[in-house]
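These values consider heavy atoms only, across backbone and side chains, with no hydrogens, waters or symmetry-generated copies. When a residue number appears, it is its place in the shown sequence, counting from 1.
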Amino acid sequence: MISLIKTSEFLCFGGRQIRYEHLSTATRTNMPVSVFLPPGANEKTPVLWYLSGLTCNDQNVVTKGGFQRVAAELGLIIVCPDTSPRGAGIEGEDDDWDFGTGAGFYLDATKERWAKNYLMETYITKELPTLLLPEIGATSAPQGIFGHSMGGHGALTLGLKDPDRYKSVSAFSPICAPSQVPWGRKAFAGYLQNQDEWTAYDANELVKSGKRCPDILIDQGAADSFLAEQLSPDVFVSTCSEAGQPVELRMHEGYDHSYFFIQTFMEDHLRHHAKFLAAAAL
């Protein structure tokens with residue numbers, strides 16, 4: 001039987017910052033996951049999934065995101081998975097920083113070369129919750145999802161595809177229309193067998209196709225060097241406006257793509273999620 005192995009635990013703002021690892025059946029590799037449990041966490045304490053961006057792992061937001069104080073105050077469990085399989089032994093998986101290791105794009109690959117390991121949507125939405133939520137005693141908890149950059153893309157797409165599960169959605173600097181930008185086109189062409197599969201992993205196209213989720217909050221730095229070429233929040237907001245999907249895009253002068261930006265607005269996102277998750281728990 002596959003089980004979680006606790007590799008570290010620290011007290012933080014009265015809660016516990018824990019790291020586990022386990023052998024994944026979806027990725028066929030060892031996967032780490034970091035979890036913050038607020039004081040008094042129980043089976044109904046809301047669970048908020050955070051998906052990280054390109055080159056990151058489960059630890060980046062734990063050490064740089066600054067979420068623990070407010071999560072402890074609001075009573076939110078924060079779950080931070082890794083961004084891809086690691087050490088799968090696939091030729092070329094470490095050749096590029098924006099594809100392969102650290103760049104799973106939260107999709108299920110269908111090209112044979114990648115399909116045995118790069119099943120990140122299955123891992124995030126099926127395997128990890130089944131394994132983790134009983135371990136932390138949160139099987140009855142309402143859930144929300146957010147993330148940054150590639151992880152913002154993941155949060156938007158997974159939130160749109162499963163609003164019954166994810167009662168709140170937000171993103172920092174998300175890749176909003178990946179089919180239209182270099183990062184997304186490279187990932188989709190590399191991982192997916194057919195171009196007609198791209199729509200299922202493109203938030204902009206999902207909204208066009210009729211998918212809906214709770215009100216989305218997006219924060220974007222106006223000085224983000226990736227904004228013009230890779231992120232396309234204006235395209236997504238326009239599509240949402242036409243389709244009737246509620247979204248709030250907040251542009252911030254002078255802010256970039258870094259964790260300095262994320263930690264500045266982290267509290268706003270946690271309070272956004274807490275509002276929706278508290279309502280879902282009633």
Side-chain angles (χ1 to χ4, degrees), residues 1-52 56-63 65 67-68 71-72 75-90 93-94 100-109 114-147 150-151 154-155 158 161-162 164-167 277 281:
M1 179 181 294
I2 294 175
S3 60
L4 290 163
I5 299 170
K6 186 185 295 185
T7 60
S8 66
E9 179 174 351
F10 301 95
L11 290 177
C12 187
F13 292 101
R16 293 181 290 151
Q17 184 66 59
I18 304 172
R19 197 182 196 199
Y20 297 99
E21 63 180 34
H22 70 98
L23 180 62
S24 167
T25 57
T27 69
R28 303 186 187 189
T29 62
N30 200 55
M31 297 292 286
V33 56
S34 292
V35 182
F36 178 73
L37 298 179
N42 58 49
E43 70 277 3
K44 294 185 178 180
T45 301
V47 174
L48 185 53
W49 299 84
Y50 178 87
L51 306 183
S52 288
C56 292
N57 60 27
D58 62 300
Q59 287 284 284
N60 291 77
V61 71
V62 169
T63 59
F67 63 78
Q68 289 91 345
L76 296 173
I77 295 171
I78 312 294
V79 179
C80 310
D82 204 350
T83 53
S84 78
R86 295 178 191 269
I90 302 171
E93 67 182 338
D94 297 322
T101 301
F105 267 82
Y106 305 102
L107 53 73
D108 281 353
W114 304 95
K116 292 181 180 179
N117 304 100
Y118 278 68
L119 302 178
M120 287 300 293
E121 181 177 28
T122 292
Y123 175 71
I124 295 293
T125 63
K126 296 179 180 177
E127 181 183 4
L128 186 55
T130 300
L131 189 62
L132 179 66
L133 297 184
E135 172 73 20
I136 62 175
T139 53
S140 302
Q143 300 176 53
I145 192 165
F146 70 147
M150 178 186 71
L158 297 181
K161 287 194 279 188
D162 196 354
D164 290 337
R165 172 185 294 193
Y166 302 113
K167 305 298 184 182
L277 295 174

Rounded at 0.5 Å granularity, tell me how far CG in L76 sits from CZ in F67.
10.5 Å

Tell me, with the steps shown, if S34 and Q59 meet side-chain hydrogen bond (donor to acceptor under 3.5 Å, both in side chains).
CA-CA 7 Å; S34 292; Q59 287 284 284; 2.7 Å; yes

When rounded to the nearest 0.5 angstrom, what is the spacing between OG1 in T25 and NZ in K126?
11.5 Å

As a quick check of understanding, evaluate side chain to side chain contact (heavy atoms under 4.5 Å, CB included) for M120 and F105, giving each step before the final call.
CA-CA 7 Å; M120 287 300 293; F105 267 82; over 6 Å; no

Could you give all pairs that pass the salt bridge (Lys or Arg N to Asp or Glu O under 4.0 Å) test and reach residues 78-90, with sequence neighbours left out?
D82-R86

In terms of side-chain heavy atoms, does E127 have a donor or acceptor partner in T122 at a distance below 3.5 Å?
no

Describe, in one word, how the ring planes of H22 and Y123 are oriented to each other, choosing from parallel (under 30°), tilted (30 to 60°) and perpendicular (over 60°).
parallel

When every non-hydrogen atom of T27 is compared with those of S24, the smallest separation belongs to N-OG, 3.0 Å

Could you tell me the separation between the CG atom of L277 and the OG1 atom of T45, rounded to the nearest 0.5 Å?
11.0 Å

Hey, does the side chain of Q68 reach the backbone of T63 with a donor-acceptor pair shorter than 3.5 angstrom?
no

What is the minimum heavy-atom distance between P38 and A71, and which atoms define it?
CB-O, 3.8 Å

Counting distance only, does the side-chain N/O of T7 pair as donor-acceptor with the main-chain N or O of R19 below 3.5 Å?
yes

Nearest 0.5 Å, what's the CD-NZ distance between E135 and K6?
7.5 Å

Shortest non-hydrogen contact between K44 and P142, atoms and distance
O-CD, 3.7 Å

Heavy-atom closest pair (T101 atom, Y118 atom, distance to 0.1 Å) is N-OH, 3.2 Å

